[in-house]
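All residue numbers refer to positions in the sequence shown, counting from 1.
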Amino acid sequence: MVGHPGRGVRRPTGARSLLVRRGVTVSEDAGLNVYQIAYVCGGPARVAMVALVGLYEDDEIAIALTRRRVTVLDRASRDPVRAAAVALIPDAGRTLGSVLSAVAASDAVAEIGRALRDRGLLSGARLTALWASPRTRITRSLRRRIVAGLPTAPDDPRRVATMGSAGIGDPALRQVFATADAELG
């Protein structure tokens, strides 16, 4: 349980600075990358969204805005999450919703969650809404701190990681991701 220092309550390893130092943004305090921020704020689906938005903005994939079909323009990705996304898209393309689902279920995204759990920044169970464990409280605190340190630049990937589709700067692309559905053809 997380408690007050000096009362014999043990803090999870690595989480102490998150609780003790208030007012410091998450990037300065926890050293989270954009995918880790996305995982904490929105889970695996948000990580997939951040990767696909980044691939689109870097002209590595194309998204047909009307049909929501994703095609690969450049298959050379150094980032493991982006590489997983590109590998899941065949040459003929794939619908955005199905790509988002597949990337969210990929090993590269699962590894991000495991790393966050190992650092004590994410709870291991999904049934935490009724009983707030110390890790659940740490994750909630971390989420609040991430939102407090949100950058103002509309093209910053941390906005997408934190806010989801609402953080996408391009209005047309924002609409596509806001309405992405695996059932669209």
Query raised in the report: With sequence neighbours left out, what residues match Asp91 under side chain to side chain donor-acceptor pair (under 3.5 Å)?
Result: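 If we apply the side chain to side chain donor-acceptor pair (under 3.5 Å) test to Asp91, skipping adjacent residues, the hits are Arg75.
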Query - Among Val103, Ile61, Asp58, the one residue meeting side-chain contact (heavy atoms from CB on, under 4.5 Å) with Arg82 - result: Asp58
Query raised in the report: Among Asp170, Thr66, Val53, Ile63, which one satisfies side-chain contact (heavy atoms from CB on, under 4.5 Å) with Val176?
Result: Ile63
Query - Partner set under side chain to side chain contact (heavy atoms under 4.5 Å, CB included) for Ala178, not counting sequence neighbours - result: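 Partners of Ala178 under the side chain to side chain contact (heavy atoms under 4.5 Å, CB included) test: Ser165.
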**Report entry** With Ile112 via side chain to side chain contact (heavy atoms under 4.5 Å, CB included) - residues at least two apart
**Finding:**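 Applying side chain to side chain contact (heavy atoms under 4.5 Å, CB included) to Ile112 gives Tyr35, Gln36, Tyr39, Val47, Val81, Leu116.
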Requested in this report: Compute whether any side-chain donor of one residue and acceptor of the other, for Thr95 and Ser98, lie under 3.5 angstrom apart.
Outcome: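 The answer is yes; a qualifying pair exists.
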Query - Donor on one side chain, acceptor on other, Arg94 and Thr71, under 3.5 Å - result: no
Just wondering, do [Y] and [X] contact through their side chains at under 4.5 Å, heavy atoms?
X	Y	answer
Ile168	Met163	no
Val160	Met49	yes
Leu52	Leu100	yes
Leu73	Glu60	no
Thr162	Arg46	no

Which atom names give the shortest non-hydrogen contact between [X] and [Y], and what distance separates them?
X	Y	result
Gly93	Ile89	CA-CG2, 4.1 Å
Ala85	Leu55	CB-CD1, 3.9 Å
Pro80	Ala108	O-CB, 3.7 Å
Ala104	Val109	O-CG1, 3.7 Å

Report task. Please answer whether the main-chain N or O of Gly169 pairs with a side-chain N or O of Arg174 as donor and acceptor at a distance below 3.5 Å. Result ->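 Yes, because the side chain of Arg174 sits within donor-acceptor range (under 3.5 Å) of the backbone of Gly169.
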Report task. For the pair Arg117 (side chain) and Gly113 (backbone), establish whether a donor and an acceptor sit closer than 3.5 Å, ignoring hydrogens and angles. Result ->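 It does hold such a pair.
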